[in-house]
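Read the structure below first, then the notes.
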Amino acid sequence: MTQYHMKYITKRIPSPNVDLNIDSESLCGCDCIDNCEDKNKCSCWQLTNEGTKNHPASLKDHDNIGYSFKRLHKKVLTGIYECNASCKCKKTCLNRVVQEPLKTSLQLFFTKKKGWGVRTLADIPKGSFVCTYLGVVRPEKDTDADLLSNRGEYLADLNFVEIVEDFKDGYESNEVYVDENEDSTSSSDNEKFNPGWAIKSKVRTFESRMSLRKNLQNTNTKIDGKHELSKLNTQQKVESKKTFLQDYIDKEYGFYTLDSKVCGNIGRYFNHSCDPNIFIQNVFIDTHDLRLPWLSYFAKSNIPAGTELAWDYNYMIGSVKNKRLMCHCGSKKCRGRLL
């Protein structure tokens, strides 16, 4: 096995062919002078709120979306927009959390069955920010060669746009013409139209994106690369007029990936658990480029000191051919297998 040394970093590093635009003049900022206590008057708070209002899976209680006294109790699928360098508020405002220095005492330790892991040395209240996941920002297409080797386990796809649009896929604006003469009883269960199966221009499978250890895709949607167009779509040859933002990004720019193999922080060592105590949240701070969120860990529950921190990798069992990975999380809800 090849030996290597991991360089510890405190901020993400762009690779030579990545233009990381973090110019504060390109950011929207607030004019708050009340420490951003009034969410209705803070333009940054409103960026977070407005995103959820137009999302089919958004929270209904818009007054409690995002941070509450610098804690996050519910994940915001459409992302959180923190106050930034262009804002007039103080650095102590209530909408600055992930950008602050690490405050939780974490310890790297070697587990019996899972390799390296991370535990907390102090109690962590529910909703508290834990740390970020850092690495080298690389174009997604440049990491394809790494996915066939062990390096793929340290790749985290910055696929915020895909995650959000996967939930939008098939929602309201996706209208499908149905022939009244079509015998609906002739279709099998696998052929019935299901918005979650919608085929987009680029279906990313686990076989083609083997970011096994740090894959952040939502796996509630069936993405195995083997679904064919339903009988409804193939016979009527109906093409959705809906255009996804990711179609433009794929064509002109492409997505990015965080590679923490040789450069990273303690966030790369978190193990999987079928009953996790932390979760991932996309946060926008130094840029509003939807391809470049900060990947941030938050406490899902109250975590006592000495507890290992772990999140749910959301792998689909059987999704990777000829690969079987057992789970050793030890929780009562353990599914037995990761893959």
Side-chain angles (χ1 to χ4, degrees), residues 3-15 20 70-72 75 80 82 96-138 143 146 150-158 211-216 256-283 285-286 292-315 327-331 338:
Q3 298 295 322
Y4 65 91
H5 295 281
M6 197 277 289
K7 179 181 178 181
Y8 196 91
I9 57 178
T10 56
K11 62 181 180 179
R12 54 189 176 180
I13 301 174
S15 59
L20 189 61
K70 295 203 171 186
R71 293 184 185 177
L72 180 65
K75 186 173 183 177
I80 289 178
E82 289 195 2
R96 296 178 189 261
V97 178
V98 173
Q99 60 189 276
E100 294 184 346
L102 186 64
K103 297 180 179 179
T104 303
S105 297
L106 305 177
Q107 183 184 59
L108 183 65
F109 74 107
F110 200 77
T111 67
K112 292 182 179 180
K113 297 181 178 180
K114 300 178 290 184
W116 291 106
V118 180
R119 59 190 169 200
T120 176
L121 299 180
D123 294 344
I124 302 179
K126 179 180 179 180
S128 298
F129 168 61
V130 179
C131 72
T132 58
Y133 181 95
L134 298 174
V136 177
V137 182
R138 302 174 60 191
T143 63
D146 298 333
N150 290 333
R151 292 195 64 183
E153 65 180 2
Y154 292 102
L155 297 178
D157 292 333
L158 296 176
S211 307
L212 295 182
R213 185 172 171 81
K214 303 300 180 185
N215 191 290
L216 305 180
Y256 296 121
T257 294
L258 281 180
D259 186 352
S260 65
K261 178 65 174 182
V262 295
C263 293
N265 69 333
I266 199 167
R268 75 197 285 276
Y269 294 106
F270 289 131
N271 283 314
H272 161 83
S273 175
C274 298
D275 187 16
N277 52 20
I278 58 176
F279 65 92
I280 282 280
Q281 173 65 54
N282 288 291
V283 182
I285 300 174
D286 54 1
L292 294 167
W294 287 30
L295 304 184
S296 312
Y297 294 100
F298 285 84
K300 187 176 181 180
S301 58
N302 293 322
I303 308 175
T307 305
E308 181 180 3
L309 302 177
W311 59 290
D312 191 342
Y313 289 0
N314 279 324
Y315 295 160
C327 180
H328 300 288
C329 70
S331 70
L338 273 173

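Remember, predicted model here, so these are calculated numbers, not experimental data.
- The distance from the OG atom of Ser15 to the CG atom of Leu20 is 9.5 Å, given to the nearest 0.5 Å.
- Between Val136 and Arg12 the shortest side-chain heavy-atom distance does not fall below 4.5 Å.
- Scanning for side-chain contact (heavy atoms from CB on, under 4.5 Å) contacts around Glu308 gives Phe109, Thr111, Lys114, Asn271, with sequence neighbours left out.
- Side-chain contact between Gln99 and Glu82: present, with at least one pair of heavy atoms (C-beta onward) separated by less than 4.5 Å.
- Leu121 pairs by the side-chain contact (heavy atoms from CB on, under 4.5 Å) definition with Ser105, Gln107, not counting sequence neighbours.
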field: side chain to side chain contact (heavy atoms under 4.5 Å, CB included) between His328 and Lys112, intermediate numbers included
entry: CA-CA 10 Å; His328 300 288; Lys112 292 182 179 180; over 6 Å; no
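- No donor-acceptor pair under 3.5 Å is formed between the side chain of Asp157 and the backbone N or O of Thr257.
- The closest side-chain donor-acceptor pair between Thr132 and Tyr297, if any, does not fall under 3.5 angstrom.
- For Trp311 and Phe270, the distance between ring centers is not under 6.0 angstrom.
- Closest approach of Leu102 to Cys131, counting heavy atoms only: CD1-CB, 3.7 Å.
- With salt bridges taken as basic N to acidic carboxylate O contacts below 4.0 Å, none links Lys300 and Asp275.
- Contact check for Trp294 versus Asp286: side-chain heavy atoms found under the 4.5 Å cut-off.
- Judged as a salt bridge (Lys or Arg N to Asp or Glu O under 4.0 Å), and not counting sequence neighbours, Lys7 has no contacts.
- Identified under the salt bridge (charged side-chain N to carboxylate O under 4.0 Å, His left out) test for residues 100-109, with sequence neighbours left out: Lys70-Glu100, Glu100-Lys103.
- Contact check for Ile13 versus Val137: no side-chain heavy atoms found under the 4.5 Å cut-off.
- Between the CD atom of Gln281 and the CD1 atom of Ile80 there is a distance of 4.0 Å, given to the nearest 0.5 Å.
- Not a single donor-acceptor pair under 3.5 Å links the side chain of Thr104 to the backbone N or O of Leu106.
- To the nearest 0.5 Å, the span separating CG on Leu155 from OG on Ser260 amounts to 7.5 Å.
- Scanning for side-chain contact (heavy atoms from CB on, under 4.5 Å) contacts around Asn277 gives Ser301, Ile303, Thr307, Leu309, with sequence neighbours left out.
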query: Could you walk me through whether His272 and Cys327 pass the side chain to side chain contact (heavy atoms under 4.5 Å, CB included) check?
result: CA-CA 8 Å; His272 161 83; Cys327 180; 3.6 Å; yes
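- In terms of the ring pair (Phe, Tyr, Trp, His ring centres under 6.0 Å) criterion, Tyr8 has no residue partners (sequence neighbours excluded).
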- request: Would you please test Val98 and Phe298 for side chain to side chain contact (heavy atoms under 4.5 Å, CB included) and show each step?
  value: CA-CA 10 Å; Val98 173; Phe298 285 84; 3.8 Å; yes
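- Using modelled atom types, one side-chain atom of Asn265 and one backbone atom of Leu134 make a donor-acceptor pair closer than 3.5 Å.
- When every heavy atom of Pro276 is checked against every heavy atom of Asp312, the shortest pair comes out as CB-N, 3.6 Å.
- For the pair Ser273 and Ala310, the tightest heavy-atom approach, listed with the atom from each and the gap, is CB-CB, 3.6 Å.
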task: Before giving the answer on side chain to side chain contact (heavy atoms under 4.5 Å, CB included), spell out for Leu158 and Leu258 the whole-Å C-alpha distance, their side-chain angles and the decisive distance to 0.1 Å.
output: CA-CA 7 Å; Leu158 296 176; Leu258 281 180; 4.0 Å; yes
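- Taking OH from Tyr154 and OH from Tyr133, the interatomic distance works out to 8.5 Å, rounded to the nearest 0.5 Å.
- A cation-pi arrangement is absent between Arg138 and Tyr256 under the rule of less than 6.0 angstrom and at most 45 degrees off the ring axis.
- Residues Cys263 and Met6 have side chains not in contact (no heavy-atom distance under 4.5 Å, counting atoms from C-beta outward).
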